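Below is one structure, written out as structure tokens, with a few remarks after it.
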Amino acid sequence: MTALMTDTDLATAEQRTWAKWQIYLGLFGFGLGIVMGLLQAMERLGLDLYDEFQLQSYYQGLTLHGVAMAIVFTFTFANGFLILTSMRGYGRPMASTGLVRGSFGLALAGVALAASAILVNQATVLYTFYPPLQAASVFYIGATLLILSTWATLLNQLLTLKAWKAEHPGERIPLLSFVSLLTFLMWGVASVGMAVEVVVFILPWSFGWVQGTDPLLNRTLFWFTGHPIVYFWLLPAYVSWYMMIPKQVGGRLFSDGVVRAVFILFLLLSTPVGLHHQFTDPGIDEGLKFLHMAFTFAVFFPSMVTAFTIIGAMEDGAKRRGGTGILRWIGKLPWREPSFVAQVLAMCAFALGGASGLVNASGPVNQVVHNTSFIPGHFHLTVGTAVALTFMGISYWLIPHLTGKKLWSAKVAVVQAWLWFLGVLTFSRGLMGAGIEGQPRRVPAGSLAYALDSWHLYDLMTGIGGTVMFVSGVLFFVVILRTLASKVTGEVYEMPLSETMHGDEGSPAILDRVGLWVIVAVVLIAIAYVPVFLNHAYQFKSPGFSLF
Amino acid sequence: MKIEKYERFFLYATAVVLVVFFGAILMSVGEAGLHLPTQDAVLDPTAVGETPPFDNPGVYPTGPDEYTAVMVAQAWSYSPNEITVPAGSEVTFYVTSRDVIHGLLIPNTTINAMVIPGQVTKVTYRFEDAGEFPMVCHEFCGIGHAGMYGKVVVEG
């Protein structure tokens with residue numbers, strides 16, 4: 001144990017520590033998010049607790065919920081988890097320990113600034129922060145730092161790829177590192193819209209350097225990034241589903257090449273789709289909306305491939321464990337293993353989330369559900385469960401892996417996963433039902449003057465389901481905190497890593513030409529967005545309004 | 001690249017389903033005329049009160065069973081906040097905002113649109129049956145957002 005550590009070992013150890021702190025920061029955001037979620041659920045059940053929590057309004061709590069969940073939890077977990085998978089894939093530390101540390105520092109500073117602005121009610125603008133509603137400048141600076149923390153990770157992955165290639169001339173990029181890199185490359189391209197929105201337009205306007213801004217342009221730039229952000233939330237979960245779940249069920253991944261192709265398709269198709277969030281906006285040409293709709297249908301394709309491949313890998317695993325039949329093999333899956341149970345339930349929720357996403361993407365159908373409760377009903381199945389429950393499932397092996405401590409009570413953890421799943425099914429059914437009956441989203445539904453009778457039962461479902469999700473979230477923290485409070489066991493908890501049936505020898509080499517794929521992605525984005533910006537009647541005239 | 005037989009079948013089936021769905025949507029536009037809001041007009045968001053037609057918000061008859069509703073959205077009401085038309089009327093709404101982004105949602109109709117400062121939103125709906133319809137802001141617009149609603153009264 002006292003053998004001298006090499007520089008490589010030291011770098012690996014330090015980088016793992018910073019990655020661990022990113023995960024902890026993410027879990028802190030998640031903890032804050034579920035408390036705010038409980039307040040919303042209680043409000044629907046007729047119990048307004050915002051005063052007790054020293055919050056000015058439902059919307060201040062909602063802003064905290066959205067920022068903590070959709071930005072802090074997801075960004076920092078992606079940073080930490082995919083730094084670890086990159087290192088494991090390359091079998092070497094990241095090229096820059098400074099950038100690993102810097103990514104955590106930027107995220108922490110970003111969280112501190114954004115949270116301080118929200119907590120003093122100077123940034124109650126929700127996580128979509130559409131101008132001309134105007135928050136305090138520190139909120140936007142915090143958001144910028146959080147984006148920069150992900151860019152630090154992207155840059156580090158590119159430097160590490162370069163260093164690894166120099167050490168391994170002519171070799172294929174290891175699949176685990178490839179999918180980790182593609183996740184961040186997709187996000188790097190996609191996040192340019194929001195970065196431009198904040199740095200070029202919002203910050204000078206919030207500092208008072210310019211008097212007016214163009215609300216529609218800001219909205220368009222927001223959704224340039226705002227749709228692909230959902231793939232930045234989702235792809236770390238896909239990394240686990242493709243690269244780890246097959247191993248966790250004792251099966252194998254079908255094909256190296258298909259996985260590479262799926263992640264490339266996400267790089268290409270995630271961004272030229274943003275207008276499907278703006279189908280009901282004035283000022284944007286209808287034909288361009290249909291162009292983005294077509295791209296949106298196309299980006300559904302790689303998720304369907306994923307559904308097939310993952311289920312196939314699970315069947316392979318169950319049959320190797322003695323499972324038989326067309327469906328009976330399902331019983332042979334490891335249903336007592338919490339990391340697996342959480343993630344397979346996350347996938348089941350995602351099937352419903354994906355289908356409802358296709359509803360949202362279908363222009364004329366979207367007019368029924370746009371900005372109604374149907375939308376949060378949809379995305380609590382996707383980001384709120386497919387992603388969040390997967391991250392909880394990953395934590396069940398990752399926390400032991402990073403700390404050397406044994407997971408406290410697999411039984412409680414399995415119960416936790418089922419509670420979340422049953423909770424979200426009830427919760428989302430409530431929101432979706434109310435939304436189809438015309439209930440707007442982002443309102444304190446329990447105290448609406450114009451509430452329709454048909455909404456009441458659905459509000460009850462939303463309130464009860466949300467409360468069950470909160471209880472599940474508390475159980476998750478009980479398991480994690482009791483694990484952390486236990487002693488190091490001396491055992492090694494490995495990162496589960498899948499084998500492939502058909503390895504990289506069969507995958508076309510062109511799949512590894514990441515620079516080429518970035519260029520194709522930029523061309524597709526140009527096709528989708530240049531006409532939108534050329535058609536725009538620019539008028540930077542709207543002053544800021546801080547109506548909270 | 002080796003792709004398993006069932007995997008290949010599934011890929012083709014997915015592509016076919018998506019193409020059929022997209023075709024169905026295009027048909028809903030072509031055959032049923034279900035259009036999305038599109039580019040209409042722009043105006044200076046700081047001079048809404050002086051810009052026709054928004055200098056005179058209200059409901060105006062434009063033909064047999066046809067009305068135009070000129071509306072200004074602001075924190076936290078519409079002007080006018082109540083619209084009365086006879087049953088069977090086709091109403092075309094022209095809406096803009098004098099401050100932040102708002103929305104216009106009339107549950108159980110096809111009216112669901114954003115109202116953005118500097119832009120004019122145009123949406124049309126035929127109110128066949130008598131009754132009262134809430135007219136709701138569905139984009140967060142500040143602390144009074146949940147209180148921003150009006151109504152359409154359709155007289156029998």
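Computed from a predicted model, the values in this text were never measured in an experiment.
Using a 4.5 Å cut-off between heavy atoms, L36(B) touches chain A through backbone and side chain atoms alike. When heavy atoms are compared at a cutoff of 4.5 Å, A15(B) approaches chain A by way of both its backbone and its side chain. For chain B, the nearby part of K289(A) is the side chain; its heavy atoms alone come within less than 4.5 Å. Proximity to chain B is absent for every atom of S546(A), based on heavy atoms less than 4.5 angstrom apart. If you measure heavy-atom distances from T121(B) to chain A, the contacts under 4.5 Å come from both the backbone and the side chain. In this structure, chain B has a heavy atom under 4.5 Å from the side chain of P543(A), while its backbone stays farther away. Both the backbone and the side chain of P117(B) come within contact range of chain A, with heavy atoms under 4.5 Å apart. With a threshold of 4.5 angstrom between heavy atoms, D44(B) approaches chain A through its backbone and through its side chain. With a threshold of 4.5 angstrom between heavy atoms, A75(B) approaches chain A through side-chain atoms but not through N, CA, C or O. With a 4.5 angstrom heavy-atom cutoff, L62(A) does not touch chain B via any of its atoms. Neither the backbone nor the side chain of I106(B) comes within contact range of chain A, judged by heavy atoms closer than 4.5 Å. Within the 4.5 angstrom heavy-atom criterion, atoms from both the backbone and the side chain of V258(A) approach chain B. With a threshold of 4.5 angstrom between heavy atoms, L43(B) approaches chain A through N, CA, C or O but not through any side-chain atom. Neither the backbone nor the side chain of E505(A) comes within contact range of chain B, judged by heavy atoms closer than 4.5 Å. With a threshold of 4.5 angstrom between heavy atoms, H370(A) approaches chain B through its backbone and through its side chain. Neither the backbone nor the side chain of V365(A) comes within contact range of chain B; no heavy atom of the residue lies under 4.5 Å from a heavy atom of that chain. Only the side chain of V29(B) comes within contact range of chain A, with at least one heavy atom under 4.5 Å from a heavy atom of that chain.
Interface check for chain B: of the options A445(A), G312(A), S255(A), A294(A), the most heavy-atom pairs under 4.5 Å are formed by A294(A). Taking Q278(A), M293(A), R441(A), Q60(A) one by one and counting their heavy-atom pairs under 4.5 Å with chain B, the maximum is reached by M293(A). When each of H145(B), E139(B), Q39(B), K122(B) is scored by its heavy-atom pairs under 4.5 Å with chain A, the top score falls to Q39(B). Top candidate by heavy-atom pairs under 4.5 Å with chain B, chosen from V305(A), L126(A), V443(A), L448(A), is L126(A). Among the candidates S57(A), G506(A), P132(A), A307(A), the residue making the largest number of heavy-atom pairs closer than 4.5 Å to chain B is P132(A). Counting heavy-atom pairs closer than 4.5 Å to chain A, the top residue among N112(B), V115(B), I143(B) is N112(B). Chosen from P282(A), P364(A), G438(A), the residue pairing most often with chain B at heavy-atom distances under 4.5 Å is P282(A). Options Y58(A), F300(A), F290(A) differ in how many heavy-atom pairs under 4.5 Å they form with chain B, and the most are formed by F290(A). Heavy-atom pairs under 4.5 Å with chain A peak, among G144(B), G142(B), A32(B), at G142(B).
Rounding to the nearest 0.5 angstrom, the gap separating the OG1 atom in T280(A) from the NE2 atom in H138(B) is 5.5 Å. Summarising the geometry, atom CG belonging to L105(B) is positioned 11.5 Å from atom CD belonging to Q367(A); distances are rounded to the nearest 0.5 Å. For the atom pair OG (S542(A)) and CD (Q211(A)), the distance works out to 12.0 Å, reported to the nearest 0.5 Å. From C137(B), atom SG reaches atom CD of Q74(B) across 11.0 Å, with rounding to the nearest 0.5 Å.
With no hydrogens or angles considered, no side-chain donor-acceptor pair links D504(A) and S507(A) at under 3.5 Å.
Residues L253(A) and L175(A) are in side-chain contact: their nearest non-hydrogen atoms beyond the backbone lie under 4.5 Å apart. Side-chain contact between F374(A) and S356(A): present, with at least one pair of heavy atoms (C-beta onward) separated by less than 4.5 Å.
Ring centroids of Y59(A) and F140(B) are separated by less than 6.0 Å, placing the two rings close together. Here F127(B) and F133(B) bring their ring centres to under 6.0 angstrom of each other. If you look at Y6(B) and F308(A), their ring centroids are not closer than 6.0 Å. Taking the ring centroids of F201(A) and F540(A), they lie under the 6.0 Å cut-off.
Counting only distance, with no hydrogens or angles, the side chain of N360(A) and the backbone of N366(A) share no donor-acceptor pair below 3.5 Å. A donor-acceptor pair under 3.5 Å links the side-chain atoms of N81(B) to the main chain of Y78(B), judged by distance alone. Remark: the backbone N or O of Y50(A) is paired with a side-chain donor or acceptor of D48(A) at under 3.5 angstrom.
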Side chain to side chain contact (heavy atoms under 4.5 Å, CB included) between L511(A) and D256(A): does it pass, once the steps are laid out? CA-CA 10 Å; L511(A) 294 175; D256(A) 173 282; 5.9 Å; no

